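One structure, pasted below without further comment.
Computed from a predicted structure; not experimentally measured.
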There are 2 protein chains.
Amino acid sequence: MSGPRFEPVRAVRAYERVVEQVEGAIESGALSPGERLPSERELMVQFSVSRSTVREALRVLQARGLVRSRPGDPNGAEVLPFSPAALHKSMTTLARVSELSLGELVQFRMVLDSAAILLAARLRTEEQLAEMAAAVERMKEADSEAFGAADVAFHDAVARASGNKLIQICTDVVRSIVVDLIAGKIASAPDGEALMRRSIGHHEEVLAAVRAGDGPLAARLSRQSMYDYYADYIPAEERVALRALLDYGDIGGP
Amino acid sequence: MSGPRFEPVRAVRAYERVVEQVEGAIESGALSPGERLPSERELMVQFSVSRSTVREALRVLQARGLVRSRPGDPNGAEVLPFSPAALHKSMTTLARVSELSLGELVQFRMVLDSAAILLAARLRTEEQLAEMAAAVERMKEADSEAFGAADVAFHDAVARASGNKLIQICTDVVRSIVVDLIAGKIASAPDGEALMRRSIGHHEEVLAAVRAGDGPLAARLSRQSMYDYYADYIPAEERVALRALLDYGDIGGP
DNA sequence: GTAGCCTACTGGTCCGACCAGTGCACTAGC
DNA sequence: GCTAGTGCACTGGTCGGACCAGTAGGCTAC
């Protein structure tokens with residue numbers, strides 16, 4: 001017969017229990033962004049642990065992006081509003097140690113971006129549409145530096161219009177990773193000027209499709225646009241997988 | 001005139017420099033998974049910092065999922081193979097403090113899963129197809145517990161067949177978050193038995209479409225399947241956004 | 001009234017100590 | 001000879017105390 005099923009007792013370190021408590025307070029809303037934690041010396045009394053333990057706990061919370069501490073600040077550590085910084089960090093690490101290829105990253109962007117655009121074509125407000133249009137205008141008049149910024153603004157407006165915060169955050173994170181990866185290369189592109197002009201044309205078409213409410217068309221155009229933009233940086237054998245998202249003629253409609 | 005543009009010097013803490021060096025060694029491959037770091041006392045000599053500083057650095061590295069340390073282990077901290085644990089953690093935090101709704105999470109899954117299936121229909125090997133088929137068979141013969149496991153196995157096989165590690169990891173992370181969120185609810189579902197039967201039918205259709213190489217059809221079916229499966233848990237006003245992914249009749253073809 | 005200093009805190013770092021674990025070499029027993 | 005058991009030397013986890021540089025806010029002197 002099997003006796004009572006005992007749970008394995010994982011040795012839980014003191015600093016972990018401190019982390020759990022503070023984390024719980026933040027997630028439950030008992031501690032809001034902008035509020036301050038007690039000082040380390042105060043915390044060591046409240047938790048009855050040493051300052052080393054408190055500090056290790058704070059380091060973990062800081063690594064998770066929940067808290068920030070400044071030396072000399074008489075108010076103690078500050079509870080931060082959530083930022084995708086931690087997500088960004090772990091995804092960047094993933095990209096490096098897990099050897100994500102540029103192709104995979106771009107493919108991921110094609111999927112998420114086109115989904116965002118498909119949704120935006122349906123759900124966007126007039127305001128958001130105006131933002132996208134403004135970004136495209138800025139792309140036209142920009143030098144190669146401002147061009148990137150305007151491009152980001154466009155895609156960010158689209159992502160927000162999709163109404164899905166997770167899509168918005170993930171597109172943002174992956175985009176910045178891709179941009180970092182090919183940083184410098186874009187300047188040395190065989191024909192950066194032509195690339196920019198073509199990209200502007202693509203964006204205008206996408207914008208028109210969003211304005212018309214034709215999500216499938218907008219999504220298809222955006223995938224094609226991203227493929228064209230990055231294809232030169234991606235090894236030929238990897239491009240096949242990316243084209244699998246295009247070949248159907250239309251992942252977004254007939 | 002503007003003089004030389006000086007960079008703002010952010011005060012870099014000692015433990016951060018330790019983190020950077022170890023992190024760099026791991027990312028560059030100088031330190032491989034399974035290898036051991038020197039002991040804390042050895043590290044404090046090498047970095048010429050105190051043990052507290054070394055420990056805070058190790059806590060950060062541990063929080064990022066790069067190393068693990070066991071008390072008493074004579075070999076020092078172990079370099080871990082990358083696991084999406086850190087990604088999972090930060091995304092879970094995101095879901096909680098950033099108040100991601102179940103609807104947004106499911107919508108995200110619909111996007112990623114259908115993209116994975118679209119790619120899998122194109123790129124899958126016979127082996128991977130067999131895995132998917134085996135998983136569906138297990139779903140048929142399983143009780144409600146094993147059903148979930150088989151379901152996971154199916155989607156995991158699909159994600160692997162997509163050939164995109166990022167898609168694979170993200171679907172996995174988001175799936176587990178969704179499952180946690182509705183844990184317990186599924187048992188109390190109005191008609192769990194019927195839901196399971198319907199789900200099996202859907203999976204068989206998806207599998208058939210993948211086998212036939214009809215990616216767009218498979219993708220459409222999978223979105224519909226996921227929508228049907230989770231719709232009951234999602235408030236009506238949120239369902240509209242999810243249906244935006246279905247209404248086009250076919251985000252994957254005519 | 002204001003400019004500047006002073007003080008009482010903060011977090012960052014260091015040191016030294018103790019404890020409970022772990023792995024390994026060594027030894028006692030077969 | 002080989003195995004089973006025992007120490008030992010080390011590990012990480014925690015503690016306490018100490019010092020430093022930095023900050024904010026009150027206080028003083030102008």
Side-chain angles (χ1 to χ4, degrees), chain A residues 6-23 25-26 31 33-80 85, chain B residues 6-23 25-26 31 33-80 85:
Chain A
F6 294 117
E7 292 289 319
V9 284
R10 62 184 178 108
V12 90
R13 293 88 188 259
Y15 82 89
E16 281 180 354
R17 274 171 298 174
V18 174
V19 168
E20 280 169 18
Q21 284 200 46
V22 178
E23 204 170 31
I26 293 176
L31 239 37
E35 283 192 71
R36 301 311 189 98
L37 257 47
S39 74
E40 295 180 358
R41 289 164 176 87
E42 172 65 27
L43 285 173
M44 68 185 256
V45 175
Q46 290 192 24
F47 287 109
S48 17
V49 293
S50 73
R51 193 148 90 98
S52 328
T53 304
V54 168
R55 287 179 59 73
E56 290 187 24
L58 288 177
R59 283 285 93 84
V60 173
L61 291 167
Q62 188 170 321
R64 292 194 187 153
L66 293 173
V67 138
R68 177 186 49 181
S69 43
R70 249 178 345 133
D73 189 331
N75 288 321
E78 181 185 0
V79 177
L80 293 177
Chain B
F6 293 117
E7 293 290 317
V9 283
R10 60 182 179 109
V12 134
R13 293 86 188 262
Y15 81 90
E16 282 181 351
R17 273 171 299 175
V18 174
V19 168
E20 281 168 18
Q21 283 199 47
V22 177
E23 203 171 31
I26 293 176
L31 239 37
E35 285 191 71
R36 301 309 189 102
L37 257 47
S39 75
E40 295 180 357
R41 289 167 177 85
E42 172 65 26
L43 285 174
M44 69 185 256
V45 175
Q46 290 192 25
F47 288 109
S48 25
V49 293
S50 74
R51 193 149 88 98
S52 329
T53 303
V54 168
R55 286 182 57 76
E56 290 187 24
L58 288 177
R59 284 284 93 86
V60 173
L61 291 168
Q62 188 170 321
R64 292 193 186 153
L66 293 173
V67 304
R68 177 185 51 178
S69 43
R70 255 175 341 131
D73 189 333
N75 288 322
E78 182 184 0
V79 178
L80 292 178

Self-check item: Spacing of A:N75 atom CG relative to C:dA8 atom P, expressed in whole Å
Solution: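 Spelled out: CG on A:N75 to P on C:dA8 is 18 Å.
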Practice problem: Have a look at A:R68 and say if it touches a base, only the backbone sugar-phosphate, or nothing, with a 4.0 Å heavy-atom cut-off. | Solution: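 Here A:R68 touches no strand at all.
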Quiz item: Less than 4.5 Å apart, any side-chain heavy atom of A:V49 and any of A:R17?
Solution: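 Not in contact.
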Quiz item: Of the options B:V18, B:T53, B:L37, B:L66, which is the one that meets B:L58 in a side chain to side chain contact (heavy atoms under 4.5 Å, CB included)?
Solution: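 Single pass found, and it is B:L37.
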Quiz prompt | A:P71 vs A:V49, nearer the 5' end of DNA chain D by closest nucleotide | solution =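 Nearest nucleotide further toward 5': that of A:V49.
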Practice problem: Record whether the side chain of B:R51 comes under 3.5 Å of the base of D:dT14 through a donor-acceptor pair of N or O atoms. | Solution: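 Answer yes: a donor N or O sits under 3.5 Å from an acceptor.
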Practice problem: May I ask you to say whether A:R13 pairs ionically with A:E56, meaning some side-chain N is under 4.0 Å from a carboxylate O? | Solution: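 Here A:R13 does not pair with A:E56 in a salt bridge, since their nearest N and O are not under 4.0 Å apart.
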Exercise. Calculate the interatomic distance between A:R17 atom CZ and D:dT14 atom C1'; express it in whole Å.
Key: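 Atom CZ in A:R17 sits about 11 Å away from atom C1' in D:dT14.
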Quiz item: Does the side chain of B:S39 get closer than 4.0 angstrom to OP1 or OP2 of D:dT11 through an N or O atom?
Solution: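 For D:dT11, OP1 or OP2 has a side-chain N or O of B:S39 closer than 4.0 Å.
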Exercise. Tell me what B:T53 touches on the nucleic acid: a base, only sugar-phosphate, or nothing, going by heavy atoms under 4.0 Å.
Key: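 If one applies the 4.0 Å heavy-atom cut-off, B:T53 turns out to touch the sugar-phosphate alone, with no base involved.
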Quiz item: Would you say a side-chain N or O of B:S50 is under 4.0 Å from OP1 or OP2 of C:dC15?
Solution: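 No, B:S50 has no side-chain N/O under 4.0 Å of OP1/OP2 on C:dC15.
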Quiz item: How long is the line joining CG of A:D73 and P of D:dA24, in whole Å?
Solution: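 To the nearest whole Å, that distance equals 7 Å.
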Quiz item: Does the D:dG12 base have a donor-acceptor partner in the side chain of B:R41 within less than 3.5 Å?
Solution: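 A donor-acceptor contact between them is present.
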Practice problem: Give one of base, sugar-phosphate or nothing for B:R36, where a contact means two heavy atoms less than 4.0 Å apart. | Solution: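 It contacts nothing in the nucleic acid.
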Quiz item: Is any side-chain N or O of B:R13 closer than 4.0 Å to OP1 or OP2 of C:dG12?
Solution: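 It does, given that an N or O in the side chain of B:R13 lies less than 4.0 Å from OP1 or OP2 of C:dG12.
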Practice problem: Respond yes when some side-chain nitrogen or oxygen of B:R55 is under 4.0 Å from OP1 or OP2 of D:dG13, and no when none is. | Solution: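 Yes, because at least one side-chain N or O of B:R55 sits under 4.0 Å from OP1 or OP2 of D:dG13.
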Quiz item: Looking at side-chain heavy atoms only, is the closest gap between B:E78 and B:D73 below 4.5 Å?
Solution: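 Side-chain contact under 4.5 Å: no.
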Quiz item: Does OP1 or OP2 of C:dT10 have a side-chain N or O of A:S69 closer than 4.0 Å?
Solution: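 So the side-chain polar atoms of A:S69 never come under 4.0 Å of the phosphate oxygens OP1 or OP2 of C:dT10.
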Practice problem: Rounded to the nearest angstrom, tell me the gap between atom CD in A:E42 and atom P in C:dT10. | Solution: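 Checked: the CD to P distance equals 9 Å.
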Quiz prompt | Whole-Å gap separating C1' (D:dG16) and CE (A:M44) | solution =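 The distance from CE of A:M44 to C1' of D:dG16 comes to 8 Å, rounded to the nearest Å.
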